[in-house]
Amino acid sequence: MKIGNVNIQGKLVLAPMAGYTNQVYRLLCHQYGASLTTSEMISDKGLLYENDKTWEMCKIDENEHPVSIQLFGSNIDEMVKASKEIEKRTNCDIIDINMGCPVKKVIKAESGSYLMKNISHAKEIVNKIVNNIAKPVTVKMRTGWDHQSINCVEMAKAMEEAGASGITIHGRTKSDLYHGSASLDIIKKVKESVNIPVIGNGDIKTTDDLDNMLKTGVDAVMIGRASLGNPWIFKEFQCHLQNVLYTPPTNMEKLNVLKKHFLDLVELKTEKIAVLEMRTLAAWYVKGMANAKEFKTKLMYVHTKDEFLDLINNLTNDLINNY
């Protein structure tokens, strides 16, 4: 798959996920086989107001290419200015415009999936950005605002006409949020309606899900929540696509990666933030392990780096003693 002038070696893409797809996690997923990763959703206003936290989210490791920075907003001039700043001050490969987020505060700002209610405005945003930067621009969208206004085919055509180099389609409407099932039939229609690359998104948890999504004809598949605490899903899917035997990680390997993930996050975001963010992720990492329930309970009372490491080390020792 080629997005603009960027070659993507593979069919597996890490979805943008708020609070999770920071530099550390993106790099980890790349190491296990993600073909392309995407940043957390980034506010155009946060960049233009020189918010330090927002610019921190734009940091990219030299080893994680190709990587896309996802931007959201609704004001045309501000989106253009923010895109130009991203191009000037980061080494990202692609700028992705979010037109699919269903979160209330994003909708209230007339951004995210709200833009699907006004295709002409969405088209102008993309066209103005494309005409002002050299990096390829992509768009992530949903099938529509609700089931009475499924307009993703029209939207996809408009994005292609505006100059977008690729599209990601999540097979749900804004009103669905994350409930129900992603519609593969609608994703297939989007793929058939345009000539630029299309990435399919929604409910990709197993190799069967992967196969079913690829049957729609999409050029690549985006994996989101199923990767949390499970970066190995990219290795599993790569092995499946290449018809190579996949060997799942041992519990000890999972704990070693969990520890590295945490320590790298401490370096990136400070001890306090890393502990808070890893509470949820750590619970996913240990899913199915003996003593996982006790581990998860104690997680809620961890406040420091040393306490977090002690908790991981205790679970590691339990594994060794019970081996």
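All figures in this text were calculated on a predicted structure; none of them were measured in a lab. For the single chain, residues carry numbers from 1 onward in sequence order.
- Rounded to the nearest 0.5 Å, atoms CE (M289) and NZ (K296) are 10.0 Å apart.
- A salt bridge is absent between K191 and E160; no separation between the charged side-chain nitrogens and carboxylate oxygens falls under 4.0 Å.
- Rounded to the nearest 0.5 angstrom, M141 CE and I119 CD1 are separated by 8.5 Å.
- Cluster annotation: I69 is not connected to I3 through the hydrophobic network of ILVMFWY side chains, with a link wherever side-chain heavy atoms come within less than 4.5 Å.
- Annotation: the span from T37 atom OG1 to F234 atom CZ amounts to 8.5 Å, rounded to 0.5 Å.
- Atom-to-atom distance recorded for I42:CD1 and W55:CH2 is 8.5 Å, nearest 0.5 angstrom.
- The distance from atom CG of L299 to atom CG of L281, rounded to the nearest 0.5 Å, is 10.5 Å.
- Salt bridge status for K59 with E56: present, with a side-chain N to carboxylate O gap under 4.0 Å.
- Inter-residue side-chain proximity for C152 and R142 is flagged as unmet; no heavy-atom pair is nearer than 4.5 Å.
- Screening M99, E110, K123 for a side chain to side chain contact (heavy atoms under 4.5 Å, CB included) involving L115 leaves a single residue, M99.
- Under 4.0 Å is where a charged nitrogen must lie from a carboxylate oxygen, and between K298 and E294 at least one such pair does.
- Aromatic ring pairs are classed by plane angle as parallel below 30°, tilted from 30° to 60° and perpendicular above 60°; the pair Y25 and H261 is parallel.
- Using a cut-off of 4.0 Å between Lys/Arg side-chain N and Asp/Glu carboxylate O, E124 and K128 are scored as salt-bridged.
- Counting heavy atoms from C-beta outward, S175 and H147 have side chains that approach closer than 4.5 Å.
- Taking a cutoff of 4.0 Å between a charged side-chain nitrogen and a carboxylate oxygen, D44 and K81 do not qualify as a salt bridge.
- Ion pairing of D264 with K260 is present here, as a side-chain N (NZ or NE/NH1/NH2) and a carboxylate O approach within less than 4.0 Å.
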Go through the steps to decide whether K140 and N201 satisfy the test side chain to side chain donor-acceptor pair (under 3.5 Å), and finish with yes or no. CA-CA 9 Å; K140 188 171 190 287; N201 178 218; 3.1 Å; yes
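- Linking ILVMFWY residues whenever their side-chain heavy atoms come closer than 4.5 Å, directly or via other members, leaves I107 and M116 in distinct clusters.
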From CA spacing to verdict: side chain to side chain donor-acceptor pair (under 3.5 Å), N314, D318: CA-CA 6 Å; N314 289 339; D318 288 343; over 6 Å; no
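- Around NZ of K188, the count of heavy atoms belonging to other residues, nucleotides or ligands within 6.0 Å does not exceed 12.
- To the nearest 0.5 Å, the span separating CE on M222 from OG1 on T38 amounts to 4.5 Å.
- Counting only distance, with no hydrogens or angles, the side chain of D176 and the backbone of Y178 share no donor-acceptor pair below 3.5 Å.
- Using a 4.5 Å heavy-atom threshold, the side chains of D93 and N5 count as separate.
- Counting non-hydrogen atoms of other residues, nucleotides and ligands closer than 6.0 Å to CD of E62 gives a total of 12 or fewer.
- No single ILVMFWY cluster, assembled from side-chain heavy atoms under 4.5 Å apart, contains both V194 and V13.
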Would you sort out whether N230 and S227 count as a side chain to side chain donor-acceptor pair (under 3.5 Å), showing the intermediate values? CA-CA 5 Å; N230 181 28; S227 77; over 6 Å; no
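- More than 12 heavy atoms of other residues, nucleotides or ligands lie within 6.0 Å of NZ in K45, so this atom counts as buried by the packing criterion.
- Side chains of S39 and R26 form a contact here, defined as non-hydrogen atoms less than 4.5 Å apart.
- Around the CG atom of D52, the shell of radius 6.0 Å holds no more than 12 heavy atoms that belong to other residues, nucleotides or ligands.
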